[in-house]
Each structure stands twice: as C-alpha cells, then as structure tokens.
Amino acid sequence: MRVVLTGASGLVGSNVVAALKRRDDDVTVLSRRPEKARERLGVDAQGWDPNAGAAPAAALAGADAVIHLAGEPVAQRWTEASKRRIRDSRVHGTRNLVAGIRAAEPGPRALVSASAVGYYGPRGDEEIGESEPPGDDFLAAACREWEAAAAEAAADGVRVVTVRTGVVLDPAGGALAKMLPPFKLGIGGPVAGGKQWLPWIHVDDVVGIYLAALDGESWSGPVNAAAPAPATNAEFSKALGRALHRPAFAPVPGFALKVLYGDMAQIVTTGQRVVPKRPLALGYAFQHPALDEALRSALG
Ligand SMILES: NC(=O)c1ccc[n+]([C@@H]2O[C@H](COP(=O)([O-])OP(=O)(O)OC[C@H]3O[C@@H](n4cnc5c(N)ncnc54)[C@H](OP(=O)(O)O)[C@@H]3O)[C@@H](O)[C@H]2O)c1
C-alpha cells in the first residue's frame with residue numbers, strides 16, 4: 001500500500017510510520033522540515049506547511065491513502081495566539097490537505113484524519129460513544145471544524161475516518177511524559193478531586209486503530225480511540241503510582257494547573273467517559289485493554 005502521512009514526526013506519527021515500514025508499505029511523509037523527517041523516520045519526505053497552502057498534489061497522486069496528524073501541540077499554555085494556532089493549523093491545514101487530495105490524479109481513496117476526545121467537551125459519568133453530540137467549548141469547536149474539513153473529501157468519493165483520540169500513553173511525549181516527573185518523585189496524585197474521567201489509550205492501540213482504519217473498507221466516519229475501560233483521574237493516578245512503585249496520594253488542586261497552563265488545564269480537570277463503540281463493533285481487538293498492564297507496558 002502507498003501511504004502519505006502528515007505530522008509523521010510526532011508521537012503518534014513516528015509509531016504509525018514504524019508499523020507501516022514493518023509491513024513493507026511505501027511511505028511518504030509531508031513535513032514542514034522534510035530533511036529532519038527523512039533522517040529521523042528513514043522514509044521519503046517532502047516539504048509542506050499545512051498553514052501555507054494546498055498540499056502538493058504530485059506527492060499525493062497515486063497514493064492509496066492519507067493519514068493526517070499535523071497540528072500545533074494542544075498541551076501548551078492556552079493564550080489567544082496559541083489557541084488560534086491550535087485551531088487554524090488543524091482547520092485550515094485540513095482544508096489545504098483536502099485541496100491537494102482533490103487536485104491529485106489519481107487521488108487517494110481513503111483519508112484517516114486525527115481528531116480528539118475533546119470533541120465531546122467536559123462530561124459527567126455517562127458513557128460517550130461516537131453518536132454523542134459535540135461540546136461547546138474551544139476544543140470541541142476546533143475538533144468539530146477539523147472533522148468537518150476532513151469530511152469534505154467524502155464529496156469526492158474518498159472514504160474518510162476521523163480518529164477521536166484519548167490520552168496516548170507514551171513516556172516519550174504527550175500527557176504521560178508531563179505527569180511522570182512528579183509521580184516519580186512520589187508527589188503525584190489525583191487532580192482537581194479526581195472524579196473526572198480520563199480516556200486513555202496505549203500507543204500500540206492508537207497505531208492499531210489507525211492501521212485498521214486504513215485497511216478496513218467498512219471503517220468510515222468518527223471512531224473513538226480510547227481503551228474500553230476508561231478510568232477516573234483518581235484511579236489513573238493510583239495505577240500510575242503502582243506502575244512506578246511510588247505513592248500517589250498528593251492531591252493536585254485544579255487552580256494550580258490553571259495558573260500554569262491557563263484554560264488548557266481543563267483537559268485534565270474535566271474529562272469524558274469515552275468508550276470505543278465503533279472500533280469494537282468493527283471487530284478491533286485491543287492489545288492493551290487493562291490500565292495496569294498498559295501502564296507497565298508503556299513504561300517499559
Ligand atoms: N498524543 C495524544 O495524546 C493525542 C490525543 C488526542 C489527539 N491527538 C491528535 O493526534 C495528532 C497527532 O498527535 P501527536 O501527539 O503525534 O502530535 P505531535 O507529537 O504534537 O505531532 C504533530 C505534528 O504536527 C506538525 N505540527 C506541529 N505544529 C504544527 C503547526 N503549528 N502547524 C502545522 N503542523 C504542525 C509536526 O510535524 P512536522 O514538524 O513534521 O510538520 C508535528 O510532528 C494531533 O493532531 C493531535 O492533536 C493526540
């Protein structure tokens with residue numbers, strides 16, 4: 001299979017590229033820094049900034065599928081400027097990718113595009129499947145526009161899957177890397193009371209879901225990429241403490257995170273009990289369905 005990826009130099013993308021290489025797929029990466037991507041990933045890389053204009057049709061022509069992961073990091077202090085970059089890099093970036101897909105001859109037949117569980121906004125204890133409506137905060141609005149931009153490709157007969165991803169467990173990056181230092185020191189613990197849900201997923205299963213979405217002709221529309229057994233923030237903290245053999249009782253007040261990260265703190269002070277209804281219905285078998293084992297595996 002010939003696959004073109006954007007955002008491949010990141011946490012999810014580098015793992016997806018490694019899996020595609022293992023199965024001998026032909027991989028091309030579109031990156032803002034193609035030399036670095038080529039060197040790091042060991043695949044063909046071509047230059048494209050998602051914010052700058054249409055993706056290069058020549059690089060997309062003849063590809064079977066596109067995996068779209070590019071976007072400004074969400075886990076940073078939210079200011080008006082960073083929020084604009086987070087939203088625009090995804091919404092305009094995806095529109096620019098779809099413009100390139102439209103111009104490619106022959107064009108790819110499938111687009112698997114990242115999204116996030118933030119689509120649903122802060123929720124209570126109810127289980128959240130893919131048919132739930134979006135939330136109405138900044139992140140939910142950005143995810144809704146991001147998914148709508150990807151869905152435009154369907155008008156040209158492209159099979160579109162949007163992967164609403166939870167917190168990816170990888171010590172090399174993302175939320176787990178940020179949580180590890182205090183937990184290793186034994187001063188980690190539940191955040192903002194700990195009752196809110198934390199939809200986690202092992203990196204192997206994120207990769208597994210992206211590959212299943214790539215290959216499965218019956219996969220289309222939104223899919224939740226979160227483990228079948230989400231944990232509350234307090235349960236997650238305890239499990240992380242167990243995995244590290246450290247106490248994990250020190251409560252972290254929500255306002256402390258708000259001081260550090262601004263409104264971005266809401267990603268951990270609130271949450272959603274997201275369940276992967278569509279992947280399970282489509283026959284996806286999770287490699288790491290249980291939190292304790294998933295954390296032990298992720299932490300090596
Ligand atoms: N990791 C998670 O827990 C998680 C959870 C939910 C959703 N997601 C979503 O899944 C996707 C992949 O996640 P990830 O953790 O692998 O992301 P990541 O490590 O932050 O990498 C994303 C890639 O996007 C490109 N990029 C960065 N800033 C950009 C900007 N301002 N404009 C355009 N492109 C930019 C970079 O690629 P180049 O430098 O090569 O261009 C970067 O490697 C993201 O869209 C993310 O929002 C991730």
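None of the values given here were measured: they were computed from a predicted structure. Ligands are counted one by one from 1 in listed order, and the atoms in each one are counted from 1 as well.
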Logged contact type for Arg85 with ligand 1, heavy-atom cut-off 4.0 Å, is neither

Any heavy atom of Val117 under 4.0 Å from ligand 1? The part involved is neither

Strictly by modelled atom types, are [X] and [Y] linked by a side-chain donor-acceptor pair under 3.5 Å?
| X | Y | value |
| --- | --- | --- |
| Trp197 | Asn233 | no |
| Asn15 | Tyr210 | no |
| His202 | Gln287 | no |
| Asn224 | Tyr120 | yes |

Which residue supplies the protein heavy atom nearest to [atom], what is that atom called, and how far is it?
| atom | result |
| --- | --- |
| atom 46 (C) of ligand 1 | Arg90 NH2, 3.7 Å |
| atom 3 (O) of ligand 1 | Val168 N, 3.0 Å |
| atom 20 (O) of ligand 1 | Pro73 CG, 4.2 Å |
| atom 38 (P) of ligand 1 | Ser9 OG, 3.4 Å |
| atom 29 (C) of ligand 1 | Arg32 NH1, 3.3 Å |
| atom 19 (O) of ligand 1 | Leu11 N, 2.9 Å |
| atom 44 (C) of ligand 1 | Leu69 O, 3.2 Å |
| atom 31 (N) of ligand 1 | Glu72 OE1, 2.8 Å |

Answer yes if a protein heavy atom lies under 4.0 Å from atom 17 (O) of ligand 1, otherwise answer no. no

Quick test of your reading of the model: are [X] and [Y] salt-bridged, counting only N-O distances below 4.0 Å?
| X | Y | value |
| --- | --- | --- |
| Asp64 | Arg2 | no |
| Arg123 | Glu132 | yes |
| Glu147 | Arg164 | yes |

Distance under 4.0 Å to a non-hydrogen atom of [X]: what atoms of ligand 1 satisfy this?
| X | value |
| --- | --- |
| Ala116 | 6 (C), 7 (C) |
| Ala70 | 24 (O), 34 (N) |
| Trp146 | 45 (O), 47 (O) |
| Ser115 | 7 (C) |
| Ser31 | 38 (P), 40 (O), 41 (O) |

Whether Thr165 side chain and Val163 backbone form a donor-acceptor pair below 3.5 Å: yes

* Asked: Does even one non-hydrogen atom of Ala225 get within less than 4.0 Å of ligand 1?
  -> no

- prompt: Does some non-hydrogen atom of Pro50 fall short of 4.0 Å from ligand 1?
  reply: yes

Does an N or O from Val12, backbone or side chain, lie closer than 3.5 Å to an N or O of ligand 1? yes

Does any N or O of ligand 1 fall below 3.5 Å from an N or O anywhere on Tyr210, backbone included?
no

**OP:** Could you check Val117 against Ile128 for side chain to side chain contact (heavy atoms under 4.5 Å, CB included), going step by step and ending with a plain yes or no?
**Re:** CA-CA 9 Å; Val117 293; Ile128 305 289; over 6 Å; no

Atom 25 (C) of ligand 1: of Gly71, Gly166, Gly10, Gly174, the nearest heavy atom sits on Gly71

Of Ala177, Cys143, Gly7, Ala45, the residue with the heavy atom nearest atom 23 (C) of ligand 1 is Gly7

**Asked** Does the pair Trp200 and Phe236 meet the rule for a side chain to side chain contact (heavy atoms under 4.5 Å, CB included), with working shown?
**Response** CA-CA 9 Å; Trp200 60 273; Phe236 187 89; 4.1 Å; yes

Determine the interplanar angle of the His68 and Trp48 rings, folded into 0 to 90°, and report it as parallel if under 30°, tilted if 30 to 60°, perpendicular if over 60°.
tilted

| said: For Lys258 and Asp263: C-alpha separation, side-chain torsions, deciding distance, then whether salt bridge (charged side-chain N to carboxylate O under 4.0 Å, His left out) applies. | reply: CA-CA 6 Å; Lys258 174 108 192 207; Asp263 287 342; 2.9 Å; yes

inquiry  = Within the supplied structure, the quantity of interest is the number of heavy atoms (other residues, nucleotides, ligands) at a distance under 6.0 Å from Glu126 CD; does it exceed 12?
reply    = yes

